[in-house]
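Scroll down for the structure; my scribbles are underneath it.
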Amino acid sequence: MEKVVIVMPAYNEAQNVALMVHELFSKEFPKIDGVEMHLLVVDDFSPDGTGDVVKNLMKHHKNLHILQKEKEGLGWAYVRGMQYAMHKLHADAVLEMDADFQHPPRFVKPMVDAYLKGADYAIGSRYIKGGSVPSEWALSRKAVSFFGNLFIRTVLLNFKVHDLTTGFRLSRVKGVLDKIELEKLMDLDRFAYKVDLLYQCLKNSKKTVEVPLEFAARTKEKSKFNWKEMVATFTVAIILGIKDKQRFIKFGIVGGTGFVVNFLGLEILKRFGFTTFMATLLATEAAIISNFIFNNIWTFKDKVITKVSDIFVQFFKFNLSSLFAVIVQPFIVSGAVSIFGDTSLVRLGALLFALFAVVLPYNYIVYNVFIWRTWKIPKFSR
Ligand SMILES: Nc1nc2c(ncn2[C@@H]2O[C@H](COP(=O)(O)OP(=O)(O)O)[C@@H](O)[C@H]2O)c(=O)[nH]1
Ligand SMILES: [Mg+2]
């Protein structure tokens, strides 16, 4: 049977934890069929005796576990708990949940249901239909939460997920959590690590779903979230956003240098007496070669191809995908020259026109329709 482990950090939550164990084991877990539910409490030797409370309850619940360690901050509590759940308890999925009832226990079942229906990553979301933030929250608190989320969504260019800072999330171990170097997440001593963890999980997950969460107000004293935490969280989001776009930015720069090679090559070959058609053809190929080299050693340096036979195969494929440019550019440039005259300016204009009006739109359509299939061609039925 599948095993789902709830990882629940608790610091000075003796009362809450006792209630939580009761609610989960007597009310919520029995409602969930087809999975073995476990609860792992991560306690940093809380002075209020949270650990002892859990240890006592463990006598009655064989699926209740405790991990005790020194205090290092919220992120580390989750990371150590997740590692324990994966390696010691052999979890198939891990659910992150707080002990203070801000994640009401009744939302555990819908999260597990989403997983049973095939989700790799289920996100308890406050900003979708059916989800909410506490009505007790002051307007300013609501605004900070809402706009903070919007800011992070914008920076990460992720508008599919509506709640990027929620702490209630279920992730499949195989292929999602076990692919992440948890100890290297940013800002593990504070709240901000949550954004990095979410970002990594989203990357690994093939099927992500949002499940409505009615986020509750904290029962006891005030939350530890403050301006410092918020700035740290935004910083993590910005770093991730830039990293994410790095490859795209590099790809653009390489494309620019390719154009320079293309134009200079054309001009040099012309001066050696080549026809405009031949000069454009050879210069285009030179640009393709330089683009291939720079993309290989810079844009995709994490995947750099070094094996000679692989280089040939990939170079051939790269040429094939640029074949259209190789064919079309010489025609456009030599055509323009015969109409407007054989000057450098005409050749530059023709090359720019070929690139921006023909080659790039063509590549864009081909990539979207045929290679990555983001556009669906409508089928007409009779
Ligand atoms: N083990 C452990 N648990 C912690 C630590 N900090 C917070 N927690 C627990 O993590 C959960 C979330 O903490 P909370 O202060 O409510 O954070 P907030 O809801 O994001 O403001 C609660 O169950 C806390 O008891 C920590 O340093 N160690
Ligand atoms: Mg809380």
Side-chain angles (χ1 to χ4, degrees), residues 156-157 203 239-375:
L156 293 181
L157 281 185
K203 283 233 132 131
I239 292 170
L240 290 172
I242 293 172
K243 268 194 195 163
D244 205 38
K245 263 100 235 151
Q246 224 173 39
R247 212 194 284 282
F248 185 72
I249 295 166
K250 285 181 176 179
F251 197 73
I253 294 173
V254 170
T257 62
F259 184 79
V260 173
V261 169
N262 204 336
F263 180 63
L264 289 182
L266 166 61
E267 291 307 299
I268 291 167
L269 291 170
K270 278 293 284 185
R271 275 159 190 72
F272 275 101
F274 282 84
T275 62
T276 305
F277 189 88
M278 264 323 274
T280 314
L281 186 73
L282 293 173
T284 304
E285 184 56 34
I288 288 169
I289 293 170
S290 86
N291 277 4
F292 181 77
I293 292 170
F294 284 123
N295 275 326
N296 191 31
I297 61 176
W298 192 48
T299 318
F300 296 98
K301 73 162 182 276
D302 49 328
K303 299 190 181 200
V304 65
I305 310 165
T306 46
K307 226 176 106 193
V308 179
S309 58
D310 287 350
I311 288 184
F312 276 107
V313 172
Q314 291 308 318
F315 181 62
F316 179 73
K317 284 193 197 163
F318 194 74
N319 261 292
L320 212 59
S321 72
S322 318
L323 200 59
F324 183 71
V326 180
I327 294 169
V328 120
Q329 294 199 156
F331 279 107
I332 292 180
V333 178
S334 54
V337 161
S338 64
I339 299 170
F340 301 108
D342 199 1
T343 66
S344 293
L345 197 65
V346 170
R347 292 192 288 269
L348 178 63
L351 210 52
L352 280 171
F353 173 81
L355 185 68
F356 284 101
V358 184
V359 173
L360 286 181
Y362 168 85
N363 281 354
Y364 188 71
I365 292 169
V366 167
Y367 289 161
N368 278 290
V369 175
F370 297 106
I371 300 183
W372 286 289
R373 293 173 188 276
T374 55
W375 296 352

Query raised in the report: Who pairs with Ile289 by side-chain contact (heavy atoms from CB on, under 4.5 Å), at least two apart in sequence or on another chain?
Result: Glu285, Ile293, Phe315

Query - For Lys317, all residues meeting salt bridge (Lys or Arg N to Asp or Glu O under 4.0 Å), sequence neighbours excluded - result: none

Query raised in the report: In Å, rounded to the nearest 0.5 Å, how long is the span from CZ of Phe318 to CD1 of Ile305?
Result: 10.0 Å

Report summary line: side-chain contact (heavy atoms from CB on, under 4.5 Å) filter on Lys245, not counting sequence neighbours, yields Leu157, Ile249

Query raised in the report: Sequence neighbours excluded, which residues qualify as side chain to side chain donor-acceptor pair (under 3.5 Å) partners of Ser322?
Result: none

Query raised in the report: Quick one: ring-ring contact (aromatic ring centres under 6.0 Å, His included) partners of Phe274, sequence neighbours excluded?
Result: none

Report summary line: Tightest non-hydrogen contact, residues Leu269 and Ala283, listed as CD1-N, 4.1 Å

**Report entry** Set of side chain to side chain donor-acceptor pair (under 3.5 Å) partners for Lys203, sequence neighbours left out
**Finding:** Tyr199, Asp244

Query raised in the report: Closest heavy-atom contact between Gly258 and Asn291?
Result: CA-OD1, 3.2 Å

Identify all side-chain donor-acceptor contacts of residues 340-353 below 3.5 Å with residues at least two apart in sequence or on another chain.
{"unit_1": "Asp342", "atom_1": "OD1", "unit_2": "Lys270", "atom_2": "NZ", "d": "3.3"}
{"unit_1": "Asp342", "atom_1": "OD1", "unit_2": "Arg347", "atom_2": "NH1", "d": "2.5"}
{"unit_1": "Asp342", "atom_1": "OD2", "unit_2": "Lys270", "atom_2": "NZ", "d": "2.6"}
{"unit_1": "Thr343", "atom_1": "OG1", "unit_2": "Val346", "atom_2": "N", "d": "3.2"}
{"unit_1": "Ser344", "atom_1": "OG", "unit_2": "Glu267", "atom_2": "OE1", "d": "2.7"}
{"unit_1": "Ser344", "atom_1": "OG", "unit_2": "Arg347", "atom_2": "NH2", "d": "3.4"}
{"unit_1": "Arg347", "atom_1": "NE", "unit_2": "Glu267", "atom_2": "OE2", "d": "2.8"}
{"unit_1": "Arg347", "atom_1": "NH2", "unit_2": "Glu267", "atom_2": "OE1", "d": "2.9"}

Query - side chain to side chain donor-acceptor pair (under 3.5 Å) involving Asn295 - partner list, sequence neighbours excluded - result: Thr299

Query raised in the report: Taking atom CD1 of Ile288 and atom CG of Asn319, what is their separation to the nearest 0.5 Å?
Result: 5.0 Å

Requested in this report: Enter the distance from Leu240:CG to Lys243:NZ here, rounded to the nearest 0.5 Å.
Outcome: 6.5 Å

Requested in this report: For Val358 and Phe324, run side-chain contact (heavy atoms from CB on, under 4.5 Å): C-alpha distance rounded to whole Å, both residues' side-chain angles, the deciding distance at 0.1 Å, then the answer.
Outcome: CA-CA 10 Å; Val358 184; Phe324 183 71; 3.7 Å; yes

Query raised in the report: Counting distance only, does the side-chain N/O of Asn262 pair as donor-acceptor with the main-chain N or O of Ala286 below 3.5 Å?
Result: no

**Report entry** For Thr275, all residues meeting side-chain contact (heavy atoms from CB on, under 4.5 Å), sequence neighbours excluded
**Finding:** Phe277, Met278

Report task. Find the distance between CG (Leu355) and CZ (Phe263) and round it off to the nearest 0.5 Å. Result -> 13.0 Å

Tabulate below the donor-acceptor pairs under 3.5 Å that side-chain atoms of residues 328-335 make, not counting sequence neighbours, or state none.
{"unit_1": "Gln329", "atom_1": "NE2", "unit_2": "Thr284", "atom_2": "OG1", "d": "3.1"}
{"unit_1": "Ser334", "atom_1": "OG", "unit_2": "Pro330", "atom_2": "O", "d": "2.6"}
{"unit_1": "Ser334", "atom_1": "OG", "unit_2": "Phe331", "atom_2": "O", "d": "3.4"}

Query raised in the report: Say you draw a straight line from OG1 of Thr280 to CG of Leu266; how long is it, rounded to the nearest 0.5 Å?
Result: 4.5 Å

Query raised in the report: Which residues pass the side chain to side chain donor-acceptor pair (under 3.5 Å) test with Ser290, sequence neighbours left out?
Result: none

Query - All ring-ring contact (aromatic ring centres under 6.0 Å, His included) counterparts of Phe294, not counting sequence neighbours - result: none

Report summary line: d(Asn296 CG, Ile311 CD1) to nearest 0.5 Å is 6.0 Å

Query raised in the report: Is the count of non-hydrogen atoms from other residues, nucleotides or ligands lying under 6.0 Å from Phe356 atom CZ greater than 12?
Result: no

